[in-house]
Amino acid sequence: MWHKTPMCAFDLETTGVDVEADRIVTAAVLGLGGGGTADSYEWLADPGIEIPAEATAVHHITTEHAREHGEKAHDVVDQIAEALAIRVRLGDPIVGHNVPYDLTLLDRECRRHNVEPLLDRLGETRLRVLDSRVLDQQGLPFRKRPSETQGARQLITLAQVYELPWDESEAHGCSYDARMAARVVYRIGTLAHMRRMDWPERIKHHRKAQVHHLQGLTLDELHALQITWAAEQATGLQTHFRKTDPNAVVDGSWPLRPLGEA
């Protein structure tokens with residue numbers, strides 16, 4: 001079963017939301033589950049630029065703290081890419097929430113600091129990814145946002161839907177978010193391989209729940225399907241946005257945005 005394989009949970013906290021321009025502040029690469037090696041790493045970088053107040057409000061890392069305690073950005077970026085490459089070479093899928101953000105930003109940081117990008121390090125080794133956001137939207141496609149300030153596909157929402165405890169004081173720490181995304185993916189995989197009649201009531205009565213469609217797939221098959229699903233999900237979101245903004249564009253590239261695409 002795909003959800004019982006060893007996984008490499010991955011998350012970044014950064015200076016902002018622009019994958020082309022923003023920088024890594026903290027990162028986590030965690031070996032989890034399946035009887036694999038449990039090596040786990042976390043980094044604090046000096047990003048080399050000011051950390052905006054808006055970003056600090058999310059992850060609580062200030063510019064001053066990063067400058068005093070962080071490692072050189074070049075070294076951190078290199079170490080993150082190599083830690084991920086080692087896990088992928090072992091056969092582990094990379095697991096995270098909204099993975100294109102993290103993998104694309106890491107790729108651009110590698111190029112910015114003239115270190116070898118992750119995909120180049122892998123060579124012929126196949127990258128497999130499990131994205132909690134994509135899998136959740138495919139399995140439970142219709143969900144209203146819980147409130148005006150909380151989105152339907154935010155990690156906190158997924159924790160609530162799949163009945164996982166959420167600690168707001170730990171949230172947006174990279175290790176916490178990486179581990180929570182992996183727990184969500186594991187819960188989705190567990191549901192996929194259960195009889196529908198045994199699902200929890202809140203899942204069983206979800207509008208057009210189709211978690212069982214994820215049953216019995218290999219990691220390679222699931223990775224390929226997520227490429228298609230992510231593109232379809234982006235198209236649907238773009239159509240929704242264009243009701244109020246005719247020029248809205250939602251990038252559906254997955255699991256990494258190609259270089260040169262804005």
Side-chain angles (χ1 to χ4, degrees), residues 1-14 24-45 59 70-71 75-107 109-110 115-136 155 158-159 162 164-167 170-193 214 217-223 226 254-256:
M1 297 181 185
W2 55 263
H3 64 297
K4 293 189 176 182
T5 187
M7 298 179 182
C8 174
F10 173 50
D11 185 68
L12 300 177
E13 297 298 329
T14 68
I24 294 170
V25 178
T26 63
V29 173
L30 312 177
L32 301 173
T37 58
D39 296 337
S40 296
Y41 304 96
E42 187 169 342
W43 296 266
L44 170 64
H59 52 59
E71 299 178 60
D75 297 343
V76 169
V77 169
D78 187 41
Q79 292 167 23
I80 296 167
E82 186 58 24
L84 288 171
I86 289 170
R87 302 297 309 200
V88 173
R89 293 188 201 108
L90 290 172
D92 297 358
I94 294 176
V95 183
H97 187 72
N98 192 26
V99 175
Y101 170 81
D102 302 272
L103 285 182
T104 303
L105 197 146
L106 174 62
D107 178 81
E109 281 275 67
C110 287
V115 302
E116 190 175 26
L118 174 61
L119 292 184
D120 292 353
R121 294 172 193 245
L122 295 180
E124 297 300 315
T125 302
R126 185 174 299 171
L127 174 67
R128 283 94 57 86
V129 173
L130 296 171
D131 190 327
S132 54
R133 186 195 61 78
V134 175
L135 293 174
D136 168 64
L155 189 56
L158 271 59
Y162 297 103
L164 296 167
W166 181 265
D167 185 344
E170 296 291 331
H172 302 296
C174 53
S175 287
Y176 184 87
D177 286 5
R179 186 171 281 106
M180 182 58 71
R183 294 183 70 189
V184 168
V185 166
Y186 185 86
R187 189 63 60 90
I188 292 172
T190 300
L191 291 168
H193 293 86
L214 306 177
L217 299 170
T218 67
L219 282 173
D220 289 337
E221 290 169 339
L222 194 52
H223 180 91
Q226 285 173 99
W254 189 95
L256 185 148

**OP:** Given side-chain contact (heavy atoms from CB on, under 4.5 Å), test Asp75 with Trp43 step by step and report yes or no.
**Re:** CA-CA 10 Å; Asp75 297 343; Trp43 296 266; over 6 Å; no
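- Counting all heavy atoms, side chain and backbone alike, Ala45 lies closest to Ile24 at CB-O, 3.7 Å.
- When atom types are taken as modelled, the side chain of Glu109 and the backbone of Leu105 share no donor-acceptor pair closer than 3.5 angstrom.
- Taking CG from Leu32 and CG from Asp39, the interatomic distance works out to 11.0 Å, rounded to the nearest 0.5 Å.
- Of the inter-residue distances, the one linking Leu84 atom CG with Cys8 atom SG reads 5.0 Å to the nearest 0.5 angstrom.
- Legend: residues meeting salt bridge (Lys or Arg N to Asp or Glu O under 4.0 Å) with Asp136, ordered by chain and number and at least two apart, are Arg143, Arg153.
- With values rounded to the nearest 0.5 angstrom, Ile94 atom CD1 is found 10.0 Å from Asp102 atom CG.
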Subject >> Audit row: Asp11, Tyr176, side-chain contact (heavy atoms from CB on, under 4.5 Å) steps and yes/no >> reply: CA-CA 9 Å; Asp11 185 68; Tyr176 184 87; over 6 Å; no
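- Taking every heavy atom of both residues into account, Ala178 and Leu30 meet most closely at CB-CD1, 4.1 Å.
- Taking both residues in full, the closest heavy atoms of Val185 and Trp2 are given as CG1-CZ3, 3.7 Å, listed atom of the first, atom of the second, then distance.
- The distance from the CG atom of Leu191 to the CG atom of Leu135 is 12.0 Å, given to the nearest 0.5 Å.
- For the pair Gly31 and Ser40, the tightest heavy-atom approach, listed with the atom from each and the gap, is N-OG, 3.7 Å.
- Between Met180 and Glu170, the closest side-chain pair of non-hydrogen atoms is not below 4.5 Å.
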Original post:
Can you list the steps and then say if Leu130 with His3 is a side-chain contact (heavy atoms from CB on, under 4.5 Å)?
Top reply: CA-CA 9 Å; Leu130 296 171; His3 64 297; over 6 Å; no
Subject >> CA sep, side-chain torsions, deciding dist, call: Asp177, His97, side-chain contact (heavy atoms from CB on, under 4.5 Å) >> reply: CA-CA 8 Å; Asp177 286 5; His97 187 72; over 6 Å; no
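- Between Pro93 and Thr5 the shortest side-chain heavy-atom distance falls below 4.5 Å.
- Annotation: side-chain hydrogen bond (donor to acceptor under 3.5 Å, both in side chains) contacts involving residues 115-130, sequence neighbours excluded, comprise Asp78-Arg121, Glu82-Arg121, Arg126-Asp220, Arg128-Asp220.
- Atoms OG1 and NE2, on Thr26 and His59 in that order, are 6.5 Å from each other to the nearest 0.5 Å.
- Between the side chain of Ser132 and the main chain of Gly96, a donor-acceptor pair closer than 3.5 Å is present.
- Taking each heavy atom of Phe10 and Leu106 in turn, the nearest pair found is CZ-CD2, 4.1 Å.
- In this structure, Pro6 and Asp92 approach most closely via the heavy-atom pair CB-OD1, 3.6 Å.
- The backbone N or O of Gly33 sits nowhere less than 3.5 Å from a side-chain atom of Tyr186 that would complete a donor-acceptor pair.
- Here Asp131 contributes atom CG and Gln226 contributes atom CD; the two are 6.0 Å apart, rounded to the nearest 0.5 Å.
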